[in-house]
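Working notes for the structure below.
Note that this is a predicted model, so its numbers are computed, not measured. Numbers here are sequence positions counted from 1.
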Amino acid sequence: MLTRTSTQSLTGQLADRLAERIRTRLLPPGARLPSVRECARQQGVSPYTVVAAYDQLLAQGLVEARRQRGFYVRDSAPVQEGRPPNAAPMVIQMMASRVPADASSLIRSMFHRPSDKPQPGMGVFPPEWMSSTFMPTAVRRMTSTAALQELSLQYGEPSGDAALRRSLSNKLVGINVPAAPDQIVTTVGATHALDIVSRTLLRAGDPVMVEEPGWALEFARLEALGMRILPVPRRADGPDLEVMAQYCLLHSPKLFVSVSVLHNPTGYSLTPGSAHRVLKLANEHDFHIVEDDTYSHLAPEHATRLSALDGLQRTIYVSGFAKILAPNWRIGFLAASPELKERLLETKLLATLTTPTLFERALSWCIDQGQLRRHAERIRIRLDGARGRAVKLAMAHGCSFASEPAGLFGWVDTGVDTDALTQRMLDQGYLLAPGSLFHARRPPSTMMRINFATSQDAAFWKVFSKVRAEL
């Protein structure tokens with residue numbers, strides 16, 4: 001909130017706050033700023049203060065005034081002062097230039113939190129949940145003088161560290177996915193694995209079936225590659241098979257992207273009957289399935305997975321460790337049939353050559369010593385408690401759940417337009433994940449996704465209720 005005890009004027013505080021949101025694309029290009037009167041009411045300041053702040057944004061080239069329509073974020077805002085264009089991490093630069101703003105704002109929130117309050121819209125566990133003593137031990141083992149030189153002074157294996165691939169192969173046995181070490185390719189996170197699959201199997205203009213609601217970045221990533229997205233409604237038992245069958249007849253899709261277990265954002269998990277019908281469609285209509293099992297560490301081992309039923313014939317299995325262990329280690333992987341694996345590996349080589357062996361070897365130790373398994377179990381127990389508390393708070397404040405709460409995320413009906421709600425909640429220091437982000441065409445929605453781990457704060461729900469009542 002703006003404060004009159006600050007050493008900076010109210011005008012300067014407001015201008016800086018809006019400028020930061022524009023530069024991080026929490027206010028995307030083309031977005032309309034609140035009217036002067038509305039902004040003054042929201043911030044508890046005079047209209048003169050708002051006019052002066054908007055004038056500063058005009059002078060900085062961040063917004064434009066449209067006659068009798070108000071102020072709008074410019075389509076091309078200047079680079080942040082004092083920072084050259086190549087100073088940001090490469091992935092954020094790519095988001096800024098290629099990914100639609102609505103999707104990138106959710107991703108950028110991981111790097112630019114609006115405040116130090118718990119953020120219900122975040123897609124990851126709080127750092128304190130993932131803190132451990134075994135990770136430093138694993139890294140120390142890999143950074144002794146001899147080991148550090150062995151792992152750092154040469155390129156690693158193109159497919160990834162052999163020790164990690166053996167560990168992953170053994171781990172996949174536990175969920176009945178038959179992948180030998182030479183069928184596995186390590187990647188820079190699960191998102192990189194999905195990108196490798198897309199670049200290997202697809203060409204611009206190809207039709208791709210994607211579950212809806214679904215992960216915002218997946219829609220944006222495929223659009224950036226020039227693919228034609230065919231949204232498939234996600235139901236409790238799996239994808240809408242009638243819609244998939246129609247797409248197969250009319251469009252001959254090349255790929256289906258699915259989160260079978262603890263689907264994001266609904267929490268749904270695939271049933272065996274639905275899985276068999278999906279695989280039957282894939283065989284009849286000759287398309288591949290990429291199964292994103294990012295949340296496998298939170299799911300029961302007996303959960304139905306397409307890759308287990310199919311034996312990696314038409315399926316490509318993708319997962320990673322950012323959600324459960326170490327986001328900054330950036331370790332993901334894919335598993336595929338031997339023939340397809342070689343094609344996927346060629347794509348990896350063209351993009352990254354190899355992946356860092358040091359952290360891959362450290363992860364292998366964490367898996368083999370049972371540390372990852374015990375850590376995941378502790379997280380699951382803690383999440384179960386958090387989920388129960390968050391659900392009670394949400395329902396007590398007038399929300400309902402569109403699906404049975406499960407896993408990390410809840411799919412919540414707020415009863416109001418969550419795009420508008422999101423902008424208002426930003427003023428209070430809270431980031432939401434509005435329902436429109438989880439649809440290919442981003443229509444208005446009353447839904448929002450909450451992170452159960454970061455939605456236990458009663459203070460958030462009190463502010464949420466107050467702001468929602470004002471819409």
Side-chain angles (χ1 to χ4, degrees), residues 154-203 206 208-209 225 252-261 270 275-276 278-294 296 301 303-321 330-357 359-361 363-364 367-368:
Q154 57 186 333
Y155 284 111
E157 297 186 43
S159 294
D161 180 61
L164 176 58
R165 288 187 288 114
R166 286 192 296 271
S167 301
L168 293 173
S169 177
N170 293 333
K171 189 175 186 301
L172 289 175
V173 169
I175 56 173
N176 300 311
V177 175
D182 61 4
Q183 291 179 254
I184 295 172
V185 177
T186 65
T187 60
V188 187
T191 302
H192 181 216
L194 292 167
D195 201 55
I196 287 174
V197 173
S198 300
R199 293 177 185 277
T200 303
L201 298 180
L202 303 172
R203 296 294 178 267
D206 280 348
V208 181
M209 295 184 290
L225 292 174
S252 301
K254 305 293 186 188
L255 186 68
F256 172 47
V257 182
S258 174
V259 180
S260 300
V261 180
L270 189 67
H276 282 291
V278 170
L279 291 171
K280 184 179 179 182
L281 278 174
N283 284 313
E284 289 177 353
H285 296 278
D286 191 26
F287 62 83
H288 282 92
I289 301 168
V290 57
E291 184 170 42
D292 180 0
D293 202 14
T294 298
S296 62
E301 291 184 349
T304 300
R305 290 174 171 86
L306 292 161
S307 299
L309 297 176
D310 173 64
L312 297 176
Q313 296 303 303
R314 287 199 170 273
T315 52
I316 302 115
Y317 180 89
V318 167
S319 191
F321 299 88
R330 304 307 303 137
I331 300 176
F333 69 97
L334 59 83
S337 65
E339 300 78 18
L340 184 54
K341 178 258 182 175
E342 290 303 315
R343 293 177 58 195
L344 296 166
L345 178 57
E346 288 179 8
T347 303
K348 174 188 174 179
L349 284 167
L350 291 173
T352 62
L353 296 181
T354 60
T355 39
T357 304
F359 285 122
E360 290 186 353
R361 188 71 60 85
L363 175 59
S364 175
I367 295 172
D368 293 346

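Taken from CZ in Phe321 to OG1 in Thr294, the straight-line distance is 10.5 Å, to the nearest 0.5 Å. If you take CG on Asp161 and CZ on Arg166, they are separated by 7.5 Å, rounding to the nearest 0.5 Å. To the nearest 0.5 angstrom, Ser159 atom OG is 11.5 Å from Leu164 atom CG. Between the OG1 atom in Thr186 and the CG atom in Leu168 there is a gap of 8.5 Å [rounded to 0.5 Å]. The CD atom of Gln154 sits 10.0 Å away from atom OG1 of Thr354, with the distance rounded to the nearest 0.5 Å. Annotation: the span from Asn170 atom CG to Arg165 atom CZ amounts to 12.5 Å, rounded to 0.5 Å.
With hydrogens and angles ignored, the 3.5 Å screen pairs no side-chain donor or acceptor of Gln313 with any backbone N or O of Asp310. Thr355 places no side-chain N or O within donor-acceptor distance of the main-chain N or O of Val188, the cut-off being under 3.5 Å. Under the 3.5 Å distance criterion, the side-chain polar atoms of Lys348 are left unmatched by any main-chain donor or acceptor of His192. Within the 3.5 Å criterion, the main-chain N or O of Asp293 finds a donor-acceptor partner in the side chain of Ser319. Side chain of Ser364 to main chain of Ala163: a donor-acceptor pair is present (N/O by atom type, distance under 3.5 Å, no hydrogens or angles).
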Let me have the donor-acceptor pairs involving side chains of residues 253-261, under 3.5 Å, with sequence neighbours excluded, atom names and distances please.
residue : atom : partner : partner atom : Å
Ser258  : OG   : Glu211  : OE2          : 3.2
Ser260  : OG   : Glu291  : OE2          : 2.6

For residues 278-287, tabulate all N or O donor-acceptor pairs below 3.5 Å that involve a side-chain atom, not counting sequence neighbours.
residue : atom : partner : partner atom : Å
Asn283  : OD1  : Arg314  : NE           : 3.0
Asn283  : ND2  : Leu279  : O            : 3.1
Asp286  : OD1  : Arg314  : NH1          : 3.1
Asp286  : OD1  : Arg314  : NH2          : 3.1

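Side-chain contact check for Thr315 versus Val177: every heavy-atom pair is 4.5 Å or farther apart. Contact of the Val318 side chain with the Thr187 side chain is not registered, since no non-hydrogen atoms from C-beta on lie closer than 4.5 Å. Contact annotation: the side chain of Asp195 never approaches that of Thr347 to less than 4.5 Å [non-hydrogen atoms, C-beta and beyond]. Leu363 places none of its side-chain heavy atoms less than 4.5 Å from the side chain of Phe333. The shortest side-chain heavy-atom distance between Leu201 and Val290 does not fall under the 4.5 Å cut-off. His288 is listed as a side-chain neighbour of Leu340, based on a closest heavy-atom distance under 4.5 Å.
Across every non-hydrogen atom of Leu345 and Pro158, the tightest pair is CD1-O, 3.4 Å. Closest heavy-atom contact between Leu312 and Ala335: CD2-O, 3.6 Å. Of all the heavy atoms in Gln183 and Pro178, the pair that sits closest is OE1-O, 3.9 Å.
Contacts of Glu342 classified as side-chain hydrogen bond (donor to acceptor under 3.5 Å, both in side chains), with partners at least two apart in sequence or in another chain: none.
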